[in-house]
Amino acid sequence: MNIKILLISALFLSGTAFSAPIDKDTLFYCQFNNGKQVRIEQHGDKIRYRFGKNLARPELAFEQPANRVYQVYATPLWDNNQRGEVIEIHLRNGDASYIASKISAIGKPEYVLYAQNADTTHIMTCKQRGAFINRDMALRLPDLPDN
């Protein structure tokens, strides 16, 4: 009987560990249908962006000072008179700009990554499962300047 209790407890605890956020330093994370993923993390006064199938060896990685990574927060009124929530994280790397966003309306939120350079824009929608934005951390970033 005691072994059953131990096994059930172990299963319960391991299940709760998997449902926790990826880690406390992650601002934004998502995976795309092609198996690639993006993770934006804050480490002290630096923000690290990593993109690719294997984030240990990413296709693209760069760091920015946290005071040069911006956020936009809005609570728009949608057509159905429901209040939504939009959170965006804006980063730049050379001539390229990246926007990681969470758009909440009625139903499940949508997580999207926009990557833009001089002549192209890529819009990549994240898989719902496992995608998240650390709202509190994101809102501590400076507001996006008007210029």
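Positions are given from 1 along the sequence. Because the structure is a prediction, the values reported are computed rather than measured.
Between the side chain of Q42 and the main chain of G44, a donor-acceptor pair closer than 3.5 Å is present.
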Go through the steps to decide whether I47 and I89 satisfy the test side chain to side chain contact (heavy atoms under 4.5 Å, CB included), and finish with yes or no. CA-CA 11 Å; I47 303 288; I89 299 171; 5.9 Å; no
Decide side chain to side chain contact (heavy atoms under 4.5 Å, CB included) for L27 and V69; before the verdict, give the C-alpha distance in whole Å, the side-chain angles of both, and the deciding distance to 0.1 Å. CA-CA 11 Å; L27 280 160; V69 176; 5.7 Å; no
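Closest approach of S101 and E88 over heavy atoms only: CB-CG, 3.8 Å. Closest approach of V112 and F28 over heavy atoms only: O-CZ, 4.1 Å. Taking each heavy atom of Y49 and I40 in turn, the nearest pair found is CD1-CG1, 3.8 Å.
Residue pairs that meet the disulfide bond (SG atoms under 2.5 Å apart) test with at least one member in residues 64-118, sequence neighbours left out, do not exist here. For residues 37-117, there are no disulfide bond (SG atoms under 2.5 Å apart) pairs, not counting sequence neighbours. Residue pairs meeting the disulfide bond (SG atoms under 2.5 Å apart) criterion with at least one partner in residues 36-147, sequence neighbours excluded, are C30-C126.
Within 6.0 Å of CG on N34 lie more than 12 heavy atoms contributed by other residues, nucleotides or ligands.
Placement of M137 and L91 within a single hydrophobic cluster is found when ILVMFWY residues are connected by side-chain heavy-atom separations under 4.5 Å, directly or transitively. Both Y111 and F32 are members of a single hydrophobic cluster when ILVMFWY side chains are connected at heavy-atom separations under 4.5 Å. Follow the hydrophobic side-chain contacts under 4.5 Å out from Y29 and you never reach L141; the two are in separate clusters. L113 and Y70 are members of different hydrophobic clusters when ILVMFWY side chains are connected at heavy-atom separations under 4.5 Å.
Looking at heavy atoms from C-beta onward, L60 lies in side-chain contact with N93 at the 4.5 angstrom threshold. Put simply, the side chain of L77 reaches to within 4.5 Å of the side chain of R83, judged on heavy atoms. Between T121 and I123 there is a side-chain heavy-atom pair separated by less than 4.5 Å. Side-chain contact check for Q71 versus L144: every heavy-atom pair is 4.5 Å or farther apart. Counting only heavy atoms from C-beta outward, the side chains of R92 and R68 never approach each other to under 4.5 Å.
Taken to the nearest 0.5 Å, the CZ atom of R39 stands 6.5 Å off from the CD atom of Q37. Taking CD from Q31 and CE from M124, the interatomic distance works out to 13.5 Å, rounded to the nearest 0.5 Å. Rounded to the nearest 0.5 angstrom, N54 CG and K36 NZ are separated by 12.0 Å.
In this structure, the salt bridge (Lys or Arg N to Asp or Glu O under 4.0 Å) partners of R50, at least two apart in sequence or on a different chain, are E41. A search for side chain to side chain contact (heavy atoms under 4.5 Å, CB included) contacts involving E85 returns Y73, I87, K102, S104, R135, not counting sequence neighbours. Take D136 and apply the side chain to side chain contact (heavy atoms under 4.5 Å, CB included) test, not counting sequence neighbours, and it matches N134, R140.
Ring centroids of Y98 and F62 are separated by less than 6.0 Å, placing the two rings close together.
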